[in-house]
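Below is one structure, written out as structure tokens, with a few remarks after it.
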Amino acid sequence: MRGARKAAIVGGGVIGGGWAARFLLNGWDVAVFDPDPEAERKIGEVLANARRSLPSLYDRALPPEGRLSFHDDLAEAVTDTHWVQESVPERLDLKHAVHADLTRFAPEMAVIGSSTSGFKPSDLAREGASVIVAHPFNPVYLLPLVELVGAADHRARASAILREVGMFPLNIRHEIDAHIADRLLEAVWRESLWLVQDDVATTQEIDEAIRMGFGLRWAQMGLFETYRIAGGEAGMAHFMAQFGPALRWPWTKLTDVPDLTQELVDQIAAQSDAQSGHMSIRELERLRDDNLVGILRTLKRSQSGAGATITAHEAALPAPLTVRRRVPQSWADAQGRVSEAQVLRLAAQAQDRLRQVVGCDVAGGVADWGLAARETALCHTHGLSAGDNVSVDTHVVRADGIDLRLRHRIAKDDGTLCATVESGLVHVDLATGAPCFPPQAVAARLRQMAGVPAVPPDAPSTGQRPG
Ligand SMILES: NC(=O)c1ccc[n+]([C@@H]2O[C@H](COP(=O)([O-])OP(=O)(O)OC[C@H]3O[C@@H](n4cnc5c(N)ncnc54)[C@H](O)[C@@H]3O)[C@@H](O)[C@H]2O)c1
């Protein structure tokens, strides 16, 4: 993959920086064009956050990072690109000028996406530009959603690429101002401004109302599935009959816009400072990212919402016998140190990988064969910290009858040996849970890995109990 694909990021602020990180960490080369002299520093900070969070979503290593370059010349930046992502400020005149240049300089094969939160493709293409809306969510390197609006053939090409970098393209069939998600968000935002303006609630109270309750539900079931459950056994129709009439009551002020007077802006800014001013924006971002990784990994376990997208992406990543991964933040204590229990977890993952590889090598998999641990010995030689990139090499020490002995060597990318874990295992019949001889093909593969060349002709057959 490396060197084969290139993305150009035009406008490298909050969103452009996130796009750059998403492509880079998925092995793409990235060229940035942004006239801001601070762009390189800002993107560097976004990338640092992405490197400490995105790999933690996966139990396999992401591809080697692509090359990052910065350019003063737009034409140079977009040369040979497969994807151009425009993320300049939300001003239509500026977007028109940028897309006129992109139409001239970008290769015909390239998808040209705009991150615009509100403009329609027809607004952007007024000057004849060939552009679709590819609207992402902050942080772009962690959140999978991209709303795609525009010509169907361009959306199809864009969808394939977005899936390749672990994202979820939501194809929007009709172009409307602000697409789907920002319409929903604007309704909540507008109502929240009224609640502050009318002195009903502070910024903190509104945030508590979201994060202590319905915000938790939305990440995993969205709105309609959540309300389906709220209808009880009678379901959605009952829910609508019960709460439908309330829609006519004047609960909300959605059609009115509060005046953003200096007084209201100052009030909100002061309340926000009181609520969150004790942390810098970068600290808040890291807190957000760590929480998102935890939530996404839980969703991955249940295959809910964004969890299924991560699983699909992970399945497409290469799966070597050596397990490589980044130590996630969630494994560390308050000082950033990783406990012995988590080191054993690394070894368990490597063992699971070996079981899959050996099982799958044999005629497409072996039913009812598994491994159970008898004893495990950990030798800790060097501490691990959150964020370390580690590889776990698994060696078959002995494969003998029903017994298997493995040694896992856990080392950092710079070669520092951190731990060895030696485990004694026994082959089991998963149907009965009883120890058994492994299937012959499994035994052959394990003996080969242990450096024992020949399989004895009288080796016991699959599932046979030891005498
Ligand atoms: N901030 C969000 O949460 C968010 C979410 C989704 C989409 N968006 C959309 O993404 C786009 C960018 O928003 P942002 O929040 O990243 O803004 P930003 O102000 O953080 O970044 C904009 C960047 O564009 C650069 N720029 C200005 N003129 C340029 C030009 N002619 N060529 C190249 N670069 C130029 C600026 O120097 C700046 O670095 C907007 O269209 C916005 O609606 C924002």
Side-chain angles (χ1 to χ4, degrees), residues 7-23 30-47 49-50 68-79 81 83-106 112-127 129 131-150 158 162 167-170 172 175-186 188-189 272 281-282 284-285 288-289 292:
I9 303 300
V10 179
V14 173
I15 289 301
W19 275 111
R22 171 67 76 167
F23 278 110
V30 169
V32 178
F33 173 79
D34 189 320
D36 180 358
E38 291 287 292
E40 191 162 346
R41 175 188 62 77
K42 288 185 191 164
I43 288 189
E45 289 179 14
V46 176
L47 251 177
N49 278 354
L68 176 63
S69 55
F70 291 85
H71 303 262
D72 296 328
D73 180 35
L74 179 67
E76 182 187 283
V78 301
T79 302
T81 46
W83 186 293
V84 180
Q85 186 67 26
E86 170 272 301
S87 306
V88 303
E90 190 78 344
R91 278 184 14 231
L92 197 52
D93 59 332
L94 179 58
K95 301 247 184 213
H96 280 158
V98 169
H99 283 287
D101 285 344
L102 290 177
T103 305
R104 269 194 323 152
F105 298 132
I112 302 179
S114 171
S115 298
T116 177
S117 302
F119 298 125
K120 304 189 286 289
S122 57
D123 296 330
L124 299 171
R126 213 169 279 161
E127 317 278 324
V131 53
I132 58 170
V133 168
H135 177 233
F137 292 79
N138 191 26
V140 182
Y141 50 83
L142 279 183
L143 297 187
L145 180 61
V146 181
E147 293 179 308
L148 286 182
V149 201
L162 290 170
M167 302 187 89
F168 180 86
L170 181 66
I172 297 183
E175 62 160 43
I176 55 169
D177 293 322
H179 333 309
I180 294 177
D182 277 356
R183 288 206 161 197
L184 300 173
L185 284 178
E186 200 206 56
V188 176
W189 174 235
S272 175
I281 293 297
R282 293 291 172 228
L284 282 168
E285 283 174 345
R288 172 201 65 192
D289 290 358
L292 283 173

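Order of appearance sets the numbers: ligands from 1, and atoms from 1 within every ligand.
A distance of 5.0 Å separates CG in D289 from CG in L142, rounded to the nearest 0.5 Å.
Protein residues with any heavy atom under 4.0 Å from ligand 1: V10, G11, G12, G13, V14, I15, F33, D34, P35, D36, S87, V88, P89, E90, L94, K95, V98, S115, T116, S117, H135, P136, N138.
With sequence neighbours excluded, no residue forms a side-chain hydrogen bond (donor to acceptor under 3.5 Å, both in side chains) with N138. Under the side-chain hydrogen bond (donor to acceptor under 3.5 Å, both in side chains) criterion, H135 pairs with E147, D182, sequence neighbours left out. Considering only residues two or more places apart in sequence or on other chains, R104 meets the salt bridge (charged side-chain N to carboxylate O under 4.0 Å, His left out) condition with D101.
Between E45 and K42, no side-chain nitrogen of the basic residue sits less than 4.0 Å from a carboxylate oxygen of the acidic one, so the salt-bridge criterion is not met.
The heavy-atom pair separating S87 from S115 by the smallest distance is OG-OG, 2.8 Å.
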